[in-house]
Participant: 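First the structure, then my questions, so here it is.
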Amino acid sequence: MILVTGGAGFIGSNFVLDWLAQSDEEIINLDILSYAGNRENLATLDKDSRHIFVQGDIGDTVLLTHLLKQHKPRALINFAAESHVDRSIHGPEDFIQTNIVGTFHLLEAVKTYWYNLEGEAKQAFRFLHVSTDEVYGSLVKDEPAFTENHRYEPNSPYSASKAASDHLVRAYHHTYGLPVLTTNCSNNYGPYHFPEKLIPLMIVNALAGKPLPVYGDGQQIRDWLYVKDHCSAIRRVLEAGQLGEVYNIGGWNEKANIDIVHTVCNLLDERSARVDGKSYKEQITYVTDRPGHDRRYAIDASKIERELGWKPSETFDTGIKKTVQWYLENQHWVANVQSGAYREWVEKNYIDRVI
Ligand code: NAD
Ligand code: DAU
């Protein structure tokens, strides 16, 4: 079996669902169920004995030690993190605790477990750390995309905390020989994406008749990857990645934010038109920029393609259509995640942004 952390969040839950759709290998899913973790994402697995859900913290060494001893996983995939840049600006402490201190405690528990394995089980064990392209900082226009050798230059408390976790993972390989793999992926989108992030926020706000808040001039560029393609890349790295290596994962889909918002509006205009017949673009509102906002991310995904034969299956055109359709068909999910805590966050992040 494998152990995943953060498997009730956006990418983790897609990973768990895809894994069990393709394999009978059991998954232990350790997730603290923060505001971003949602059991409803995994509702189809409620009666599936291949999925063992445990609510808990990656920083809880006692719990981790117990789970590892009891279930003896052949691999651990670490998705658990605080993941939203704007939240890291308003309150960095949770990011330091989970992304740095939590990863440290996780590595310690896994190191002890791995030391005590023997023979084939020890040889085969893998710790796969899921990280982000944001650790590389920001690119200027026309600068080559991030390769795995790009210097680390994180600019937000979120990316700095992820960079620190990547360094710890690297150090546990070099110092203790822990069999690690690290992936650095670009922006994901797709089902179960929490509506604090750009694409789901725009869909949800558009349908609710609310403003579509575009930070600054809207010309910042992100490199978008459909979440299922990220999951297939992780499976491939787990299967065939070289120990201690880093693999960049991306969709070769660089888009300016304003173009993303226009695409979302066009799709909603076609599939769920406003009653007044006007375009959802009427709701676009330019607001104060994110402090320290990175201008451009772009991933050079040639290493994973060359060495492991992985390529994304979706284009942005096919992936965004599936995503918009998923949100139209799952409005109960959206309503359920928009708790009081969600509304408080929206108020905190957007109230002072009006230009
Ligand atoms: P998310 O915020 O949707 O989910 C994070 C999950 O981790 C939640 O279920 C949460 O409950 C859980 N969690 C948080 N703190 C925990 C703790 N201390 N112990 C156990 N569980 C905890 O995040 P996501 O977008 O699914 O991202 C998953 C991982 O992928 C993160 O490490 C993130 O840095 C990385 N990543 C995300 C993207 C993206 O575009 N979303 C891109 C590249 C990399
Ligand atoms: O690059 C990978 C990263 O992508 C992941 O590591 C992070 O976990 C994930 O959250 C994401 O970070 P971003 O900051 O790029 O994603 P976000 O959806 O928050 O914002 C995308 C872009 O849209 C960014 O340039 C900011 C802008 N934006 C965002 C929001 C929420 C807006 O213009 N308006 C908004 O309301």
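Note that ligands are numbered from 1 as they come in the structure, with each ligand's atoms numbered from 1 the same way.
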Participant: So, 4.0 Å and heavy atoms of K162: is ligand 2 close enough to count as a contact?
Facilitator: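 False for this residue.
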
Participant: Which residue supplies the protein heavy atom nearest to atom 34 (O) of ligand 1, what is that atom called, and how far is it?
Facilitator: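 Going by distance alone, atom 34 (O) of ligand 1 is nearest to Y158 OH, 2.7 Å.
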
Participant: Find all atoms of ligand 1 within a distance of less than 4.0 Å from any non-hydrogen atom belonging to G37, and give their numbers and elements.
Facilitator: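 Counting from 1, the qualifying ligand atoms are 8 (C), 9 (O), 11 (O).
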
Participant: Testing T103, T182, D166, T183 for side-chain hydrogen bond (donor to acceptor under 3.5 Å, both in side chains) with H129, which one passes?
Facilitator: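 When side-chain hydrogen bond (donor to acceptor under 3.5 Å, both in side chains) is applied between H129 and each of T103, T182, D166, T183, only D166 qualifies.
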
Participant: Quick one: look up the protein heavy atom nearest atom 19 (N) of ligand 1 and list residue, atom name and how far away it is.
Facilitator: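 The protein heavy atom lying closest is I58 N, 3.0 Å.
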
Participant: Compare G102, C185, G250 and give the one whose heavy atom is closest to atom 43 (C) of ligand 1.
Facilitator: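 Answer by nearest heavy atom: C185.
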
Participant: So, K303 and N248: side-chain donor and acceptor under 3.5 Å apart, yes or no?
Facilitator: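 No, N248 and K303 have no side-chain donor paired with an acceptor closer than 3.5 Å.
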
Participant: Quick check: does E196 get an N/O under 3.5 Å from an N/O on ligand 2?
Facilitator: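 No - when backbone and side-chain N and O of E196 are compared with those of ligand 2, no distance drops under 3.5 Å.
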
Participant: Would you say ligand 1 has an N or O under 3.5 Å from any N or O of N188?
Facilitator: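 Yes; the residue has a nitrogen or oxygen that sits under 3.5 Å from a nitrogen or oxygen of the ligand.
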
Participant: Is T132 in polar range of ligand 2, meaning some N or O pair under 3.5 Å apart?
Facilitator: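 Yes - when backbone and side-chain N and O of T132 are compared with those of ligand 2, one distance drops under 3.5 Å.
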
Participant: I need the contact type for K197 against ligand 2. Using non-hydrogen atoms and a strict under-4.0 Å cut-off, is it side chain, backbone, both or neither?
Facilitator: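 K197 to ligand 2: contacts from backbone and side chain alike.
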
Participant: Which bit of L198 gets closer than 4.0 Å to ligand 2, counting heavy atoms only: side chain, backbone, both or neither?
Facilitator: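 Answer for L198: both.
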
Participant: Going by distance only, is there an N or O of V85 that falls short of 3.5 Å from an N or O of ligand 2?
Facilitator: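 Among all N and O atoms of V85, none is under 3.5 Å from an N or O of ligand 2.
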
Participant: Considering only non-hydrogen protein atoms, determine which one is nearest to atom 28 (C) of ligand 1 and report residue, atom name and distance to 0.1 Å.
Facilitator: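 Minimum-distance protein heavy atom for atom 28 (C) of ligand 1 reads F79 O, 3.4 Å.
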
Participant: State whether the shortest distance between N or O atoms of D86 and N or O atoms of ligand 2 falls below 3.5 angstrom.
Facilitator: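 The answer is no, given that D86 and ligand 2 share no N or O pair closer than 3.5 Å.
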
Participant: Output yes when the distance from some N or O of ligand 1 to some N or O of G9 is under 3.5 Å, and no in every other case.
Facilitator: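 Indeed, backbone or side chain, G9 has an N or O that close.
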
Participant: Within the 4.0 Å heavy-atom shell around L33, which atoms of ligand 1 are there?
Facilitator: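 That gives atoms 11 (O) of ligand 1.
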
Participant: Backbone or side chain, does any N or O of W224 fall under 3.5 Å from an N or O of ligand 2?
Facilitator: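 No: no nitrogen or oxygen of W224 is under 3.5 Å from one in ligand 2.
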
Participant: So is there a nitrogen or oxygen of Y35 less than 3.5 Å from a nitrogen or oxygen in ligand 1?
Facilitator: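 No, Y35 has no N/O under 3.5 Å of an N/O on ligand 1.
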
Participant: Tell me: protein heavy atom nearest atom 15 (N) of ligand 1, and distance?
Facilitator: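 Result for atom 15 (N) of ligand 1: T98 CG2, 3.5 Å.
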
Participant: Quick one: look up the protein heavy atom nearest atom 21 (N) of ligand 1 and list residue, atom name and how far away it is.
Facilitator: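 Going atom by atom, the protein heavy atom closest to atom 21 (N) of ligand 1 ends up being I32 N, 3.1 Å.
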
Participant: Could you tell me whether F125 and Y113 have their ring centroids closer than 6.0 angstrom?
Facilitator: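 Close enough - the centres of the two rings lie under 6.0 Å apart.
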
Participant: Polar contacts were defined as any N/O atom of the residue lying under 3.5 Å from an N/O atom of the ligand; does this apply to S186 and ligand 2?
Facilitator: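 N/O-N/O distance below 3.5 Å does not exist for this pair.
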
Participant: As an exercise, identify every atom of ligand 1 less than 4.0 angstrom from a heavy atom of S131.
Facilitator: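 Checking each atom against S131, I get 43 (C), 44 (C).
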
Participant: May I ask you to identify the nearest protein heavy atom to atom 16 (O) of ligand 2, giving residue, atom name and distance to one decimal place in Å?
Facilitator: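 The protein heavy atom lying closest is N187 ND2, 3.5 Å.
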
Participant: Please state which protein non-hydrogen atom is closest to atom 32 (O) of ligand 1 and give its distance, to 0.1 Å?
Facilitator: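 Residue, atom and distance for the closest contact: K162 NZ, 2.6 Å.
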
Participant: Looking at ligand 2, does any of its N/O atoms fall within less than 3.5 Å of an N/O of P213?
Facilitator: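 Indeed, backbone or side chain, P213 has an N or O that close.
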
Participant: For atom 41 (N) of ligand 1, what is the closest protein heavy atom, and at what distance to 0.1 Å?
Facilitator: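 Heavy-atom neighbour on the protein nearest atom 41 (N) of ligand 1: I11 CD1, 3.6 Å.
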
Participant: Ignoring angles and geometry beyond distance, decide whether N38 reaches within less than 3.5 Å of ligand 1 through its nitrogen or oxygen atoms.
Facilitator: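 For ligand 1, there is no N or O atom that lies under 3.5 Å from one belonging to N38.
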
Participant: With a cut-off of 4.0 Å, which atoms of ligand 2 are near a heavy atom of V214?
Facilitator: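 Going through ligand 2 atom by atom, the ones under 4.0 Å from V214 are 33 (O).
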
Participant: Going by the atom numbers of ligand 1, which of them fall below 4.0 Å from some non-hydrogen atom of G56?
Facilitator: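 Result: 19 (N), 20 (C).
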
Participant: For the residue pair Y158 and F95, does the interplanar ring angle fall in the parallel (under 30°), tilted (30 to 60°) or perpendicular (over 60°) class?
Facilitator: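 The rings of Y158 and F95 stand perpendicular, inter-plane angle above 60°.
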
Participant: Assess whether a salt bridge exists between R295 and D217, defined as any Lys/Arg side-chain N lying under 4.0 Å from an Asp/Glu carboxylate O.
Facilitator: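 So R295 pairs with D217 through a salt bridge.
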
Participant: With heavy-atom distances below 4.0 Å as the criterion, list the atoms of ligand 1 near V130.
Facilitator: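 In order of numbering, the contacting atoms are 30 (O), 32 (O).
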
Participant: Taking both backbone and side-chain atoms of H293, is any N or O found less than 3.5 Å from an N or O belonging to ligand 2?
Facilitator: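 Yes: some nitrogen or oxygen of H293 is under 3.5 Å from one in ligand 2.
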
Participant: What is the closest protein heavy atom to atom 14 (C) of ligand 1, and at what distance does it sit?
Facilitator: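 Looking at atom 14 (C) of ligand 1, the protein heavy atom closest to it is A81 O, 3.5 Å.
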
Participant: For ligand 2, note which part of V287 has a heavy atom under 4.0 Å away: side chain, backbone, both or neither.
Facilitator: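 It is neither part, as no heavy atom is under 4.0 Å.
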
Participant: For ligand 1, find out whether one of its N or O atoms is nearer than 3.5 Å to an N or O atom of L30.
Facilitator: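 No.
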
Participant: Geometry only, no angles: is Y297 polar-contacting ligand 2 at N/O separations under 3.5 Å?
Facilitator: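 Not met; the criterion fails.
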
Participant: Any N or O of S83 that comes nearer than 3.5 Å to an N or O of ligand 1?
Facilitator: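 So ligand 1 has an N or O lying under 3.5 Å from an N or O of S83.
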
Participant: May I ask you to test the W345-H84 pair for a side-chain heavy-atom distance under 4.5 Å?
Facilitator: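 When only atoms from C-beta onward are counted, H84 and W345 do touch, with a gap below 4.5 Å.
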
Participant: Below 4.0 angstrom from a heavy atom of S34, which ligand 1 atoms are there? Numbered from 1 as shown, please.
Facilitator: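 So the answer, numbered in order with elements, is 10 (C), 11 (O).
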
Participant: Give the atoms of ligand 1, by number and element, whose distance to some non-hydrogen atom of D57 is under 4.0 Å.
Facilitator: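 Counting from 1, the qualifying ligand atoms are 17 (C), 18 (N), 19 (N).
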
Participant: Near N187, which atoms of ligand 1 are under 4.0 Å from a heavy atom of that residue?
Facilitator: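 This gives 40 (O) as the contact atoms.
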
Participant: Could you check whether any side-chain heavy atom of T323 comes within less than 4.5 Å of a side-chain heavy atom of W224, counting everything from C-beta outward?
Facilitator: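 No, too far: nothing below the 4.5 Å cut-off.
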
Participant: Would you call the rings of Y35 and F194 parallel, tilted or perpendicular, where under 30° means parallel and over 60° means perpendicular?
Facilitator: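 Answer is perpendicular, since the angle exceeds 60°.
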
Participant: For A80 and ligand 1, does the shortest N/O to N/O distance drop below 3.5 Å?
Facilitator: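 Checking ligand 1 against A80, no N or O pair falls under 3.5 Å apart.
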
